[in-house]
Amino acid sequence: MDMNVVITGAGSGLGASLAKKYSDLGCHVCLLGRTQTKLIRTAETLTNNHSIYEVDVSSKQDVAKVMHLIKEEVGAIDVLINNAGVGSFDLTENLNEESIHQMIDINLKGTIFCTQEVLDDMKKRNQGYIVNIISLSGKRGKATESVYSASKFGVRGFTESLALELEPTAVRIFGAYMGNMKTELWGGASTEETFMEPDDVADIIMGNIKPRKNILVEEVVIKNDKNKY
C-alpha cells in the first residue's frame, strides 16, 4: 500500500498500534508527538520507512512548520489520524486552570490545527482521509469528565461540520468513538481487564478507511461489550 500516513500521538497506545499496522502494509508512517523517546520506541517496531517529528499540536505555528516539512521530505499526506489527546479526570471544581487549557488546546485545537494543514492539498488532489479519534466521551457526558467531554464534544462538532464542507469532494473524514482502552490515558487503570486492546480498535478504524463503492463511513462507535463506556 503506497500511502503516506500521518499519526499524531504516535508514541503509545492506539497511535502506536495504528503506526505498526500501517507500516506492516507498506505505508510510510510519520510519527508525531511531543516526546521523542516515545516516538523512537514506536519507530523500533515498524517494518517500513518512517519519519519522526516532534510537535506540539496545540501550537498552530508548530503544526504548520511540521506539516510543511512532511510535505517537503515525504510527499503529499494521504491519511491524517488526529489521535493526540490528554485527559484530567476529577470533579469540575477540582480541575486546575492548566489542565483545562491542556484538554481544550490539545484535544480540540490540536485536531483543528492539524486538519487545517492538510485540507488545501487534499482538496486539490481530490483525495485523502482524515480520522478524528474522539472517544465515547464525545457522545455523552460522564461524571468527572466534564472538561474532557467538552473537548471531545467540540471535536465531534468540528468533524460533523467539516464532513458537510467536504461533501462536494472525494476527501473523506470520520470520527471514531470508542470506550476505554488499555492506554496511558487511564494511568493505573490501563490493566483493567474490561478495557479494550488498542490493536483491536486499530483494526476496526483501518477497516473503515478502505475505499468501498457506494459506501460512506461518517463515524465508527466501538463499545466494550461489558461496559457502556
Is there side-chain contact between [X] and [Y], with heavy atoms separated by less than 4.5 Å?
| X | Y | answer |
| --- | --- | --- |
| Ile81 | Val6 | no |
| Asn4 | Val29 | no |
| Lys123 | Leu166 | yes |
| Ile133 | Asn82 | no |
| Met206 | Leu25 | yes |
| Ile40 | Ile52 | yes |
| Lys139 | Glu219 | yes |
| Thr37 | Leu39 | no |

Polar side-chain atom of [X] near backbone of [Y] as donor-acceptor pair, under 3.5 Å:
| X | Y | answer |
| --- | --- | --- |
| Asn126 | Ala170 | yes |
| Ser23 | Ala19 | no |
| Thr42 | Ala10 | yes |

message = Checking Asn83 against Thr8: is there a side-chain donor and acceptor pair closer than 3.5 Å?
response = no

request  = Using only heavy-atom distances, determine whether the side chains of Asn96 and Ser99 contain a donor-acceptor pair under 3.5 Å.
outcome  =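 Per modelled atom types, Asn96 and Ser99 side chains form a pair under 3.5 Å.
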
task = For the pair Phe174 and Ile209, evaluate side chain to side chain contact (heavy atoms under 4.5 Å, CB included) and give the outcome as yes or no after the intermediate values.
result = CA-CA 9 Å; Phe174 79 83; Ile209 295 177; 3.7 Å; yes

task = Take Cys30 and His50 through the test side chain to side chain contact (heavy atoms under 4.5 Å, CB included) and record every step on the way to the result.
result = CA-CA 6 Å; Cys30 297; His50 59 271; over 6 Å; no

How long is the span from the [atom1] atom in [X] to the [atom2] atom in [Y], to the nearest 0.5 Å?
| X | Y | atom1 | atom2 | result |
| --- | --- | --- | --- | --- |
| Arg156 | Ser135 | CZ | OG | 11.5 Å |
| Ile70 | Tyr53 | CD1 | OH | 5.5 Å |
| Glu165 | Ile173 | CD | CD1 | 9.5 Å |
| Met122 | Arg172 | CE | CZ | 12.5 Å |
| Leu80 | Leu32 | CG | CG | 8.5 Å |
| Leu46 | Ser51 | CG | OG | 10.5 Å |

According to a 4.5 Å side-chain heavy-atom criterion applied to Ile, Leu, Val, Met, Phe, Trp and Tyr, with indirect links allowed, do [X] and [Y] form part of one hydrophobic cluster?
| X | Y | value |
| --- | --- | --- |
| Phe153 | Ile112 | no |
| Ile215 | Ile205 | yes |
| Val171 | Leu164 | no |

task = Apply side chain to side chain donor-acceptor pair (under 3.5 Å) to the pair Thr47 and Asp24, showing each step before the final yes or no.
result = CA-CA 6 Å; Thr47 55; Asp24 289 345; 3.0 Å; yes

[X] and [Y]: which non-hydrogen atoms are nearest, and at how many Å?
| X | Y | value |
| --- | --- | --- |
| Gly154 | Leu108 | C-CD1, 3.5 Å |
| Leu95 | Ser146 | CD1-OG, 4.0 Å |
| Asp56 | Arg34 | CA-CG, 4.5 Å |
| Leu14 | Pro198 | CD1-O, 3.6 Å |
| Met196 | Gly179 | CE-N, 3.2 Å |
| Ile222 | Leu136 | O-CD1, 4.2 Å |

message = Check Glu117 with Lys65, please: is the shortest side-chain N to carboxylate O separation under 4.0 Å?
response =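 Glu117 and Lys65: not salt-bridged.
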
State whether the number of non-hydrogen atoms from other residues, nucleotides or ligands found under 6.0 Å of [X] atom [atom1] is greater than 12.
| X | atom1 | value |
| --- | --- | --- |
| Asp2 | CG | no |
| Glu97 | CD | no |
| Gln36 | CD | no |

With Asp78 via side-chain hydrogen bond (donor to acceptor under 3.5 Å, both in side chains) - residues at least two apart = Arg125

task = Output every pair passing side chain to side chain donor-acceptor pair (under 3.5 Å) with a member in residues 104-113, not counting sequence neighbours, ordered by first then second residue.
result =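 Those involving residues 104-113 are Asp105-Lys109, Asn107-Ser151.
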
Pairs meeting criterion side chain to side chain donor-acceptor pair (under 3.5 Å) with involvement of residues 200-210, two or more places apart = Lys21-Asp203

ask   = Is there a side chain to side chain contact (heavy atoms under 4.5 Å, CB included) between Val57 and Ile106 once you walk through the steps?
value = CA-CA 6 Å; Val57 297; Ile106 293 174; 4.0 Å; yes

Audit row: His28, Tyr22, side chain to side chain contact (heavy atoms under 4.5 Å, CB included) steps and yes/no = CA-CA 8 Å; His28 185 110; Tyr22 271 114; over 6 Å; no

